[in-house]
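One structure is given below, encoded as structure tokens.
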Amino acid sequence: MSSVRQHALGGGGHNVLDYLKRMHADNPAFFYAVQDDNDHSVGNIFWVDATSRMNYPYFGDSVILDTAYRTNRYRVPFTSFTGFNHHGQPVLFGCALIPNESESSFVWLFRTWLQAMSGCHPVSITTDFDPFIQVAVAQVLPRTRHRFSTWGVFRETRNKLSHLFQSHPTFETEFRKCVNESETIDDFESYWQLLLERYYIMDNEWLQLMYNARQQWVPVYLRDTFFGDVSITEGNECLNFFFDGYMNASTTIQLLVKQYEKAVSTWHERELKADYDTINCSPVLKTPSPMEKQAASLYTRKIFMKFQEELVETLANPATKIDDSGTISTYRVAKFGEKTKSHTVTFNSSEIKASCSCQMFEYSGIICRHVLAVFRAKNVLTLPSQYVLKRWTRNAKIGALFIEHASEFPRSSQESVTIRYNNLRQEAIKYVEEGAKSIKIYHIAMNALQEAGKKVSAVKGQSNGTAETAIIASEGGEAKENPTVDYGAGDYKSTM
């Protein structure tokens, strides 16, 4: 294991801490925690705003820890927890400054983050390949599926085998193809062995290390677990997306807060725009299928486009029955002209359930073209409810949150911040939907909202904002037992 890595925050660390204290004073649901150094200087810092905490129960099934900014070429050892919202956009679940990188620092970080999220464990987490992080995840999130970023592994492989990449330009292409295009474990194993033999690298220590860890980074080993990858963003190919364009090698600790706020504001606006587009822009249907029309009314616009792509592809991927055992049938699905490349779908006619060898639904929450082809062959005209993951729908943020430890969130008059937020949000959306229909209704709705805004501002000015009690941790507490969170699909329920 590598030695402890150190960064200096200097006086900028106190500036960040002052900012976090002000944010907490303005909104007690804003959470922050500090792990002090032995010399009483500012050490590791974690924070998460109220909106991020409210989004987590809806979209915290798959989490990404981005530690790209902690390398020596960056001035700020910045780290962030992110995920995907119902539009496939990045959503923030917390930030940290980790100047003192060690196993204990990352254990503290994960415990503190988990405390802020009411002890709810994610289904999966993606991180860079790092021994400190690996130990911390195993210790704090033992039931969470841990994946290493493929992008990070490729980057490290390029660094470790720079001589090979320079002397054999074709190696990188073949290496990526082996990793990304292997559709079965046997395919990967045979391709990997062939690659080692072809380039005479059978005894390479780095490749042996990565092979031993293959179940944590090679996609074919991970497709039975939900990671939220729907090819809308770069996903696992690159972890650095929420703060991309806001943080870089020249960002100083003094500029950190400003850039953080810019990124949060920008993505908030993009989510609002995506909400608006989903509500007001009807997608163009490409087939006469009732299922397509149904999906257009259920999914957000971006997710529907992904589903539509799969549905249209069924026209070129016919399903051929290869076995029939009563209520259980097995189909071979292959694209026209591709005899050697096919997928196997098992269909249960009594339960209207299907499973595909590609495992796209398990991995992304979007049903694949192969299962849809079988549905087409079996005259299944509408999408069964178990294949509609609520977290990808228009109504992802509507409904009660099934969290046993919801008391961890600040409460006032026995009503959580989360519930108040969603009640207000849904009421406001009604004005948006109706107000957009005509210019007359638009002006009425706008006047009503502006008048309400004035009243809220007046009341806010009179209040000292002390009704809530926030959780401020100095060392980070032990994580609670996993509350159950329902992400809204029959076959996809997870314990977090």
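Atoms considered below: every heavy atom in the structure, side chains included; atoms not considered: hydrogens, waters and symmetry mates.
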Any side-chain heavy-atom pair from [X] and [Y] closer than 4.5 angstrom?
X    : Y    : result
P122 : F93  : no
K21  : L17  : yes
F129 : L209 : yes
E156 : D128 : no
Q115 : F46  : no
Q308 : Y299 : no
F148 : T126 : no
T67  : D130 : no

Query raised in the report: Just checking, any donor-acceptor pair under 3.5 angstrom between side chains of S62 and S124?
Result: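 S124 and S62 do have a side-chain donor-acceptor pair below 3.5 Å.
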Requested in this report: Could you verify whether a donor N or O on one side chain and an acceptor N or O on the other, from S102 and S104, lie under 3.5 Å apart?
Outcome: yes
Nearest 0.5 Å, please: how far is [atom2] in [Y] from [atom1] in [X]?
X    : Y    : atom1 : atom2 : result
T184 : R223 : OG1   : CZ    : 12.0 Å
N44  : S105 : CG    : OG    : 4.0 Å
I64  : I125 : CD1   : CD1   : 9.5 Å
T346 : K353 : OG1   : NZ    : 13.5 Å

Query raised in the report: What do you reckon, are the aromatic ring centroids of F227 and Y363 less than 6.0 Å apart?
Result: yes
Query raised in the report: Do D277 and K273 pass the salt bridge (Lys or Arg N to Asp or Glu O under 4.0 Å) test, and can you show the C-alpha distance, the side-chain angles, and the key distance before you say yes or no?
Result: CA-CA 6 Å; D277 289 344; K273 184 180 185 305; 2.9 Å; yes
Query raised in the report: With respect to Y260, which candidate in W267, W47, Y246, F242 satisfies the ring pair (Phe, Tyr, Trp, His ring centres under 6.0 Å) definition?
Result: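 The option that passes is W47.
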Query raised in the report: salt bridge (Lys or Arg N to Asp or Glu O under 4.0 Å) between D275 and K397: does it pass, once the steps are laid out?
Result: CA-CA 11 Å; D275 284 340; K397 293 186 177 183; 6.0 Å; no
Query raised in the report: Is the CE atom of M23 crowded by more than 12 outside heavy atoms at less than 6.0 Å?
Result: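 Atom CE in M23 is crowded, with more than 12 foreign heavy atoms closer than 6.0 Å.
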**Report entry** Verdict with supporting geometry, T278 and H87, side chain to side chain contact (heavy atoms under 4.5 Å, CB included)
**Finding:** CA-CA 9 Å; T278 292; H87 300 291; 3.5 Å; yes
Query raised in the report: Considering residues at least two apart in sequence or located in another chain, which fulfil the side chain to side chain donor-acceptor pair (under 3.5 Å) criterion with T225?
Result: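 Scan of T225 (side chain to side chain donor-acceptor pair (under 3.5 Å), adjacent residues dropped) gives R145.
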Heavy-atom closest pair, residues [X] and [Y]:
X    : Y    : value
V179 : T150 : CG1-CG2, 4.2 Å
H370 : C358 : ND1-SG, 3.6 Å
C281 : R301 : O-NH1, 2.9 Å
P90  : F241 : CB-CE1, 2.8 Å
E292 : F304 : O-CE1, 3.4 Å
V345 : A354 : CG1-CB, 4.1 Å

Report task. List in chain and number order the residues that pass ring pair (Phe, Tyr, Trp, His ring centres under 6.0 Å) with F188, two or more places apart in sequence or in another chain; answer none if no residue qualifies. Result -> W192, Y221
Query raised in the report: Excluding sequence neighbours, so at least two apart, what forms ring pair (Phe, Tyr, Trp, His ring centres under 6.0 Å) with F81?
Result: F110, W113
Requested in this report: May I have the step-by-step check of side chain to side chain contact (heavy atoms under 4.5 Å, CB included) for V135 and F106, ending in yes or no?
Outcome: CA-CA 9 Å; V135 170; F106 282 107; over 6 Å; no
Got a donor-acceptor contact below 3.5 angstrom from the [X] side chain to the [Y] backbone?
X    : Y    : answer
T300 : H86  : yes
R53  : A29  : yes
Q294 : L383 : yes
S118 : C120 : no
T251 : N248 : yes
K390 : I398 : yes
T127 : L65  : no

Report task. Evaluate the ring planes of W217 and F154, with Trp represented by its six-membered ring, and classify them as parallel (under 30°), tilted (30 to 60°) or perpendicular (over 60°). Result -> perpendicular
**Report entry** NZ or CZ of R111 within 45° of W108 ring axis and under 6.0 Å
**Finding:** no
Query raised in the report: Is the NZ or CZ atom of R214 positioned over Y211's six-membered ring, under 6.0 angstrom from the centre and within 45° of the axis?
Result: yes
Requested in this report: Take I367 and L372, measure what side chain to side chain contact (heavy atoms under 4.5 Å, CB included) needs, and give me the verdict at the end.
Outcome: CA-CA 7 Å; I367 197 167; L372 290 173; 3.8 Å; yes
Query raised in the report: What's the verdict on side chain to side chain contact (heavy atoms under 4.5 Å, CB included) for N15 and I253, showing C-alpha distance, side-chain angles and the deciding distance?
Result: CA-CA 8 Å; N15 294 338; I253 195 75; 5.9 Å; no
